[in-house]
Visitor: 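Please see the structure below; I have some questions.
First listed ligand is number 1; within each ligand, the first listed atom is number 1.
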Amino acid sequence: MLTTPDVLRRTGGKPVKSIVYDAETIAARVRELGGDITRAYPDGDLLILGLLKGSFIFLSDLVRTIERPVQVDFLVASSYGDRKVSSGTIRLLYDPETRLEGKHILLVEDIIDTGKTLQRLMALLAGRRPGSLAICALLDKQLAAAPRPELRFVGFKAPAAFLVGYGLDHAENYRHLPFIADLE
Ligand code: IMP
Ligand code: MG
């Protein structure tokens, strides 16, 4: 258990098991991803679509490392009904204002667990006839069963732990942590 004053001040006294990625490690990897993305899209319109809420910190750091024109919009997706009894449908609570047709769409997600959310979202977005459609995920737990969404850009291959911080929450807490921790 990590009980340093810096961590406890931020969590309200709750210890975390360990820091898995510290702020410097994340920043260095985000810069690399930004370079990869810049090189991967030499031309065309690029629309970065952040999946709320988990991607908000990652997305805001990432777009500042991309050295070509981009547009930024967001998506809020929700599965119908009880998440444990997956209905196979997805509903958009917020639909991007921006037109998707003909543009390169890069969907930005915090973490891939089962990959089900993204799998459905990709099918829905493909129907909007974008020029191309790809995923950038900060973390991949590599637990997703087939059919697995194809991840074009991945920050880290994450351990199969419950991670919080840098946008990731547990019951809406811990999103503000500047590092990613194993809550345990
Ligand atoms: P999936 O559809 O099972 O891949 O679910 C992915 C979503 O579950 C992510 O966007 C997160 O909101 C949430 N999630 C999955 N694993 C974690 C975790 O370790 N910490 C926090 N949220 C998680
Ligand atoms: Mg969440």
Visitor: Below 4.0 Å from any atom of ligand 1, is there a heavy atom belonging to Gly54?
Guide: no

Visitor: Give me each pair satisfying salt bridge (charged side-chain N to carboxylate O under 4.0 Å, His left out) with a member in residues 154-167, each pair once, sequence neighbours excluded.
Guide: none

Visitor: Pairing donors with acceptors under 3.5 angstrom, does anything connect the side chains of Asp73 and Thr98?
Guide: yes

Visitor: Would you say Ile111 contacts ligand 1, with heavy atoms under 4.0 Å as the rule?
Guide: yes

Visitor: Side chains of Leu163 and Tyr174: closer than 4.5 Å at any heavy-atom pair?
Guide: no

Visitor: Is there a polar contact, in the sense of an N or O pair closer than 3.5 Å, between Leu163 and ligand 1?
Guide: yes

Visitor: Which atoms of ligand 1 sit under 4.0 Å from any heavy atom of Lys141?
Guide: 16 (N), 17 (C), 18 (C), 19 (O)

Visitor: Give the atoms of ligand 1, by number and element, whose distance to some non-hydrogen atom of Thr114 is under 4.0 Å.
Guide: 1 (P), 2 (O), 3 (O), 4 (O)

Visitor: May I ask you to decide whether Arg128 forms a salt bridge with Asp95, counting only side-chain N to carboxylate O separations under 4.0 Å?
Guide: yes

Visitor: Test of understanding: given a 4.0 Å heavy-atom threshold, classify the contact between Val164 and ligand 1 as side chain, backbone, both, or neither.
Guide: neither

Visitor: With atoms numbered from 1 as shown, which atoms in ligand 1 lie under 4.0 angstrom from a non-hydrogen atom of Thr117?
Guide: 1 (P), 2 (O), 5 (O)

Visitor: For Tyr21 and Phe156, take the angle between the two ring planes, folded into 0 to 90°, and tell me which bin it lands in: parallel under 30, tilted 30 to 60, perpendicular over 60.
Guide: parallel

Visitor: Under 4.0 angstrom from ligand 1, any heavy atom of Leu139?
Guide: no

Visitor: Heavy atom of Gln119 under 4.0 Å from ligand 1?
Guide: no

Visitor: Under a 4.5 Å cut-off applied to non-hydrogen side-chain atoms, are Ile180 and Leu139 in contact?
Guide: yes

Visitor: With sequence neighbours excluded, tell me which residues meet salt bridge (Lys or Arg N to Asp or Glu O under 4.0 Å) with Arg148.
Guide: Asp140

Visitor: For ligand 1, which atoms, with element, lie under 4.0 Å from some heavy atom of Ala161?
Guide: 19 (O)

